[in-house]
Amino acid sequence: HIMDDGKMSMNKISGLVSFCMKVIQGLDVTETNYETSGILYKKSDKYYLFFDETNFDDNSTTKCRIEFNHDQIRVRRDGQVIIDQTYRTTETVQGYIKTVYGQLDSQVKTHCYMLEENDTSIRLTLDYDLFVSGERSGNYKLIIQFNKEDI
């Protein structure tokens with residue numbers, strides 16, 4: 001009889017994460033692009049993607065955990081700034097941002113969220129407006145692609 005945890009480890013996939021974010025704040029447009037290694041788990045109908053983001057300014061690391069299915073995506077970032085935010089296209093969702101200065105309430109209004117998957121890759125597309133403490137902070141366009149390593 002096969003143990004369940006054996007099956008769980010079968011659902012662990014290593015691969016490459018390519019991260020692309022465009023932030024529009026008034027006339028300012030900032031783009032962040034990087035590639036890093038990641039690990040993808042699948043449990044029932046949900047995916048969990050783990051990867052580390054390096055801050056080029058001070059070489060600090062932010063741990064990123066993204067939970068998603070076709071209905072919603074939840075992004076959790078744990079570093080100098082801690083973020084926990086869920087995105088659903090039909091509604092404005094509350095979240096929070098914790099900095100060294102304290103905790104701020106955040107809200108996102110998601111314009112578009114898409115999950116595309118095939119045998120070799122998964123692509124997440126997210127377009128949202130972020131509000132921090134009630135003030136609109138900008139429009140964010142995010143594409144995260146996970147390419148499975150050759151098995």
task: Taking E117 for its side chain and R123 for its backbone only, find out whether a donor-acceptor pair lies under 3.5 Å.
output: no
Sidechain N-carboxylate O distance under 4.0 Å for D71, R88: no
- prompt: Using a distance-only test with no angle check, is there a side-chain donor-acceptor pair under 3.5 angstrom linking E53 and N55?
  reply: no
message: For a side-chain hydrogen bond (donor to acceptor under 3.5 Å, both in side chains) check, start with the C-alpha distance between Q145 and N147, then their side-chain angles and the critical distance, and finish with the verdict.
response: CA-CA 6 Å; Q145 173 129 358; N147 293 316; 3.2 Å; yes
salt_bridge(K98, D84) N-O dist < 4.0 Å: no
- prompt: Among T99, D58, T61, which residue meets the side-chain hydrogen bond (donor to acceptor under 3.5 Å, both in side chains) test with Q80?
  reply: D58
message: If you count heavy atoms of other groups shown closer than 6.0 angstrom to CD of E135, is the number above 12?
response: no
task: Answer with yes or no whether the hydrophobic clustering places L130 together with I82; edges join I, L, V, M, F, W, Y residues whose side-chain heavy atoms lie under 4.5 Å apart.
output: no
- request: Answer yes if I66 and I143 sit in the same cluster of Ile, Leu, Val, Met, Phe, Trp and Tyr residues linked by side chain heavy atoms under 4.5 Å apart, and no otherwise.
  value: no
- prompt: Taking the six-membered ring for Trp, are Y47 and F68 parallel (under 30°), tilted (30 to 60°) or perpendicular (over 60°)?
  reply: parallel
- request: Give a yes or no answer on whether the side chain of E91 reaches the backbone of K109 with a donor-acceptor pair at less than 3.5 Å.
  value: no
- prompt: Do L40 and M114 share a hydrophobic cluster (ILVMFWY, side-chain heavy atoms under 4.5 Å, transitive)?
  reply: no
- prompt: Taking 4.0 angstrom as the limit, do K63 and D78 come out as a salt bridge?
  reply: no
message: Can you give me the closest heavy-atom contact between Q103 and Y96, atom names plus distance?
response: NE2-CB, 3.5 Å
- prompt: Looking at residues at least two apart in the chain, or sitting in another chain, which of them share a ring pair (Phe, Tyr, Trp, His ring centres under 6.0 Å) with Y34?
  reply: F19
